[in-house]
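Contents: one structure, followed by commentary.
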Amino acid sequence: MFTGIVTDIGIIDAVESRGDTRVRISTAYDMGSVDLGASIACSGVCLTVVDKSAPGAPGWFAVDVSGETISRTAADQWTNGRHLNLERAMKLGDELGGHIVTGHVDGVGTVVSVAEEGGSHRVFVRVPAELAPFVATKGSVTIDGVSLTVNSVEDGADGTVVGLNIIPHTAAVTTLGTVAEGQAVNVEIDVLARYLQRMEHYRGR
């Protein structure tokens, strides 16, 4: 489990195809405190650490990304030089600063527009139709691993667009500070909404 509070921005510095895709990510984390087999959310995707840097060496860790994961996450995310929002798995007793995040991406959205608003950025993201019923104004949503409050939801003929406010701090410490129109982003709905999604599925049968 995660909270959607990003604690580092990692950079993919190597990608290798070996059945699954082995991705190496440089990080400021002290990897001496990260065990092999630990979970790290990478732009909203929960992945398992399968290799890591030696103690005292510049920090990096490696993960194996399956074809299934690649097919269900943002296009071009697993490419050399890509910046990723990182969060280590929460521990019992940690402060829950965002909301409960599973690290399981529900769909891929597309940034419709980005505009300055005061000192913040207003970002609008079109979400997949199957997720639209489960995103609500003043509810929570995770975009590329970042816990955000939904400011607006607009349903139109061309889909549902979610309005989000990115404050300067969030822009500075996550990749959302450089998000651009047309960019694909990973979307995870609130875990409570996921249960409602399942209930809706059975009610419609």
Go through Ile100 and Met1 one step at a time and tell me if the side chain to side chain contact (heavy atoms under 4.5 Å, CB included) criterion holds. CA-CA 7 Å; Ile100 295 175; Met1 290 291 187; 3.7 Å; yes
Could you check Val63 against Thr48 for side chain to side chain contact (heavy atoms under 4.5 Å, CB included), going step by step and ending with a plain yes or no? CA-CA 6 Å; Val63 294; Thr48 300; 6.0 Å; no
Assess the residue pair Asp8 and Thr27 against the criterion (side-chain hydrogen bond (donor to acceptor under 3.5 Å, both in side chains)); give the C-alpha distance rounded to whole Å, side-chain angles, the decisive distance to 0.1 Å, and a yes or no. CA-CA 7 Å; Asp8 187 31; Thr27 178; 2.6 Å; yes
Given side chain to side chain contact (heavy atoms under 4.5 Å, CB included), test His121 with Thr170 step by step and report yes or no. CA-CA 10 Å; His121 288 85; Thr170 301; over 6 Å; no
I'd like to know whether Thr21 forms a side-chain hydrogen bond (donor to acceptor under 3.5 Å, both in side chains) with Glu16, so could you lay out the CA-CA distance, the side-chain angles of the two residues, the decisive distance to 0.1 Å, and finally the verdict. CA-CA 6 Å; Thr21 299; Glu16 179 185 356; over 6 Å; no
Working for side chain to side chain contact (heavy atoms under 4.5 Å, CB included), residues Thr160 and Arg126: CA-CA 6 Å; Thr160 296; Arg126 180 173 290 108; over 6 Å; no
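Side-chain polar atoms of Asn85 and Thr174 form no donor-acceptor pair below 3.5 angstrom. No side-chain N or O of Asp20 forms a donor-acceptor pair with one of Ser66 less than 3.5 Å apart. Side-chain N/O atoms of Trp78 and Thr73 include a donor and acceptor closer than 3.5 Å. For the residue pair Glu188 / Thr102, a side-chain donor-acceptor distance below 3.5 Å is found, with atom types taken as modelled. Between the side chains of Asn186 and Ser43, not a single donor N or O lies within less than 3.5 Å of an accepting N or O.
Considering only heavy atoms from C-beta on, Ser147 stays 4.5 Å or farther from Phe2 through its side chain. Contact annotation: the side chain of Leu86 approaches that of Cys42 to within less than 4.5 Å [non-hydrogen atoms, C-beta and beyond]. Between Thr110 and Val185 the shortest side-chain heavy-atom distance does not fall below 4.5 Å. Between Ile166 and Leu148 there is a side-chain heavy-atom pair separated by less than 4.5 Å. Val161 places none of its side-chain heavy atoms less than 4.5 Å from the side chain of Val125. By the 4.5 Å heavy-atom criterion applied to side chains, Val179 and Val114 are counted as neighbours. With contacts defined as side-chain heavy-atom distances shorter than 4.5 Å, the pair Tyr29/Arg88 qualifies. Proximity of Thr142 to Val187: side-chain heavy atoms (C-beta onward) are nowhere separated by under 4.5 Å.
Among all heavy-atom pairs drawn from Val6 and Val146, the shortest one is CG2-CG2, 3.8 Å. The two atoms that bring Gly119 and Pro168 nearest to each other are O-CG, 3.1 Å, heavy atoms only. Across all non-hydrogen atoms, the minimal contact from Gly163 to Phe124 is CA-CD2, 3.6 Å. Nearest approach of Arg72 to Val105, heavy atoms of both residues: O-CG1, 3.6 Å. When all heavy atoms are compared, the tightest approach of Ala74 to Ala184 is CB-O, 3.6 Å. In terms of heavy atoms, Pro58 sits closest to Ser53 at O-CB, 3.3 Å.
Proximity of a side-chain donor or acceptor of Asp30 to a complementary backbone N or O of Gly32 within less than 3.5 Å is detected. Side chain of Glu87 to main chain of Thr3: a donor-acceptor pair is present (N/O by atom type, distance under 3.5 Å, no hydrogens or angles).
With rounding to the nearest 0.5 angstrom, the CG atom of Asp51 is 6.5 Å from the CZ atom of Arg22. The line from OG1 of Thr69 to CG of Leu47 is 6.5 Å long, rounded to the nearest 0.5 Å. Distance check: Met31 CE to Ser26 OG gives 11.0 Å after rounding to the nearest 0.5 Å. In this structure, the separation between CD1 on Ile25 and CG on Asp13 is 8.5 Å, given to the nearest 0.5 Å. Interatomic distance, CG of Asn151 versus OG of Ser120, reported as 9.5 Å (0.5 Å rounding). For the atom pair Ile5 CD1 and Thr7 OG1, the distance stands at 9.5 Å (nearest 0.5 Å).
A 6.0 Å sphere centred on CZ of Arg122 holds more than 12 heavy atoms belonging to other residues, nucleotides or ligands.
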